[in-house]
Student: 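Sharing a structure with you now.
Atoms within each ligand, like the ligands themselves, are counted from 1 in listed order. Remember, it's a predicted structure, so these values are computed and weren't measured experimentally.
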Amino acid sequence: MSGRLFLCTSNRHKASEIGAVLGDDVVIVLPADLGVSAEVRETGGSFEENALIKARWGAATSGLPALGDDSGLCVDALDGAPGVRSARFALDHGRGRGDQDNNALLLERLHGVPDERRGAHFTCSLALCLPGGAERVFRGEVHGRIGRAPRGEHGFGYDPLFLLPDGRTMSELPADEKNRISHRGRALAAARDALREAARA
Ligand code: ITT
């Protein structure tokens, strides 16, 4: 029997990836389903802290077990930036707010950097908070490097610039393949049993 899990995100791409991985195991309730906005202030200094901030807010708001996803891209040559500021990388630098603005700024920052120094990883922290106060965090990463031009039709965010070891970008993977190997897919694989159990309780 499936139960309900509140997913504290305003990012529809994350919601669809998480929904696809969890399948019929749980019924996902989104902030919009409860008529609330998921614009929670991300004041933490780490992915884990921010995921917990989202999930604590979610459990308090919904009275349901709640899942928060904080994720982003860490680029070696930029000392781990954009990191926890991935969603707002361009905005922080006086540019636009969208994925294209972020990708354009990333390419600018890596201008002239040779292939061997373009290493990067995606990371995802998933926090599960229960209304009673119990908390757990699960993590996943995927390593690759930053390409020189966007490529591919799928995914979102920095996917078109993220080159996997086999030479494809993350955007060139069909959704089910991304979900098998991605940072989010790996964190979800670790979290799946706990999410199922929390939703059933
Ligand atoms: P919520 O906080 O509402 O969940 P958000 O998009 O603001 O949505 P984050 O603060 O966790 O979420 O920022 C995540 C950013 O990191 C996202 O906007 C992308 O720029 C990037 N990112 C995370 N996962 C990604 C993925 O699978 N593929 C490409 N980019 C990703």
Student: Relative to the heavy atoms of Asp159, which atoms of ligand 1 are at a distance of less than 4.0 Å?
Tutor: 26 (C), 28 (N), 29 (C)
Student: For atom 18 (O) of ligand 1, find the nearest protein heavy atom and state the residue, atom name and distance (0.1 Å precision).
Tutor: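 Answer, as residue, atom name and distance: Ala87 CB, 3.5 Å.
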Student: For atom 17 (C) of ligand 1, what's the nearest protein heavy atom and its distance?
Tutor: Phe156 CE1, 4.2 Å
Student: When you check the gap from the basic side-chain N to the acidic O, do Asp76 and Arg118 get nearer than 4.0 Å?
Tutor: no
Student: At a non-hydrogen distance cut-off of under 4.0 Å, which region of Arg88 contacts ligand 1 (side chain, backbone, both, or neither)?
Tutor: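 Within the 4.0 Å criterion, Arg88 contacts ligand 1 through side-chain atoms alone.
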Student: Can you tell me the protein heavy atom closest to atom 10 (O) of ligand 1 and the distance?
Tutor: Glu42 OE1, 2.9 Å
Student: Is His13 close enough to touch ligand 1? Criterion: a residue heavy atom under 4.0 Å from a ligand atom.
Tutor: no
Student: For Thr9, counting its heavy atoms only, list the atoms of ligand 1 lying under 4.0 Å from any of them.
Tutor: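 Answer for ligand 1: 1 (P), 3 (O), 4 (O), 8 (O).
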Student: Starting from atom 5 (P) of ligand 1, what is the nearest protein heavy atom, named by residue and atom, and what distance separates them?
Tutor: Lys14 NZ, 3.9 Å
Student: Checking contacts here: is it the side chain or the backbone of Glu39 that comes within 4.0 Å of ligand 1, counting heavy atoms only? Could be both or neither.
Tutor: neither
Student: Only heavy atoms of Asp70, strictly under 4.0 Å: list the atoms of ligand 1 that pass.
Tutor: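 Checking each atom against Asp70, I get 9 (P), 10 (O), 11 (O).
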Student: Provide the closest heavy-atom pair for Ser125 versus Val137 in the form atom of the first, atom of the second, distance.
Tutor: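 Minimum heavy-atom contact is CB-CG1, 4.3 Å.
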Student: Applying salt bridge (charged side-chain N to carboxylate O under 4.0 Å, His left out) between Glu17 and each of Arg12, Arg180, Lys178, report the one that passes.
Tutor: Lys178
Student: At a 4.0 Å threshold, what atoms of ligand 1 neighbour a non-hydrogen atom of Asp69?
Tutor: 4 (O), 11 (O)
Student: Can you name the nearest heavy-atom pair linking Gly83 to Cys74, along with the distance?
Tutor: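 Closest pair (atom of Gly83, atom of Cys74, distance): CA-SG, 4.1 Å.
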Student: Locate the shortest heavy-atom distance separating Pro150 from Leu107; write the atom from each residue and the value.
Tutor: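 Taking Pro150 first and Leu107 second, the nearest heavy atoms are CD-CD1, 4.3 Å.
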Student: Rounded to the nearest 0.5 Å, how far apart are CG of Asp33 and CD1 of Ile28?
Tutor: 10.0 Å
Student: About how many Å separate CG of Leu52 and NZ of Lys54, when rounded to the nearest 0.5 Å?
Tutor: 11.0 Å
Student: Check each heavy atom of Phe122 against ligand 1 and say whether those closer than 4.0 Å belong to the side chain, the backbone, both or neither.
Tutor: side chain
Student: Got the closest protein heavy atom to atom 23 (C) of ligand 1, with its distance?
Tutor: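 The closest heavy atom on the protein side is Ser71 OG, 3.3 Å.
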Student: Please determine whether a side-chain nitrogen of the Lys or Arg among Asp101 and Arg95 lies less than 4.0 Å from a carboxylate oxygen of the Asp or Glu.
Tutor: no
Student: Nearest protein heavy-atom contact for atom 30 (N) of ligand 1: which residue, which atom, what distance?
Tutor: Tyr158 N, 3.2 Å
Student: Does ligand 1 have an atom that lies less than 4.0 angstrom from a heavy atom of Met170?
Tutor: no
Student: Considering non-hydrogen atoms of the protein only, which is the closest contact for atom 24 (N) of ligand 1, and what is the distance?
Tutor: Arg184 NH2, 3.0 Å
Student: Could you tell me which atoms of ligand 1, counted from 1 in the order shown, lie closer than 4.0 angstrom to a heavy atom of Asn11?
Tutor: 3 (O), 6 (O), 8 (O)
Student: For ligand 1, which atoms have a heavy atom of Lys178 less than 4.0 angstrom away?
Tutor: 26 (C), 27 (O), 28 (N)
Student: Inspect the contact between Arg88 and Glu42 and indicate whether a charged nitrogen and a carboxylate oxygen are less than 4.0 angstrom apart.
Tutor: yes
Student: What closest approach, in Å, do Asp69 and Cys124 show between heavy atoms, and which atom pair accounts for it?
Tutor: OD2-SG, 3.6 Å
Student: What atoms in ligand 1 come closer than 4.0 Å to a heavy atom of Gly157?
Tutor: 29 (C), 30 (N)
Student: Return the closest protein heavy atom for atom 2 (O) of ligand 1 as residue, atom name and distance.
Tutor: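 Protein heavy atom with the smallest distance to atom 2 (O) of ligand 1: Lys54 NZ, 2.7 Å.
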Student: Check Glu197 with Arg192, please: is the shortest side-chain N to carboxylate O separation under 4.0 Å?
Tutor: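 Not counted as a salt bridge, because no side-chain N and carboxylate O are separated by less than 4.0 Å.
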Student: Please find the pair of heavy atoms, one from Gly157 and one from Asp99, that lie closest to each other, and give the distance.
Tutor: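 Smallest interatomic distance, heavy atoms only, reads N-OD2, 3.0 Å.
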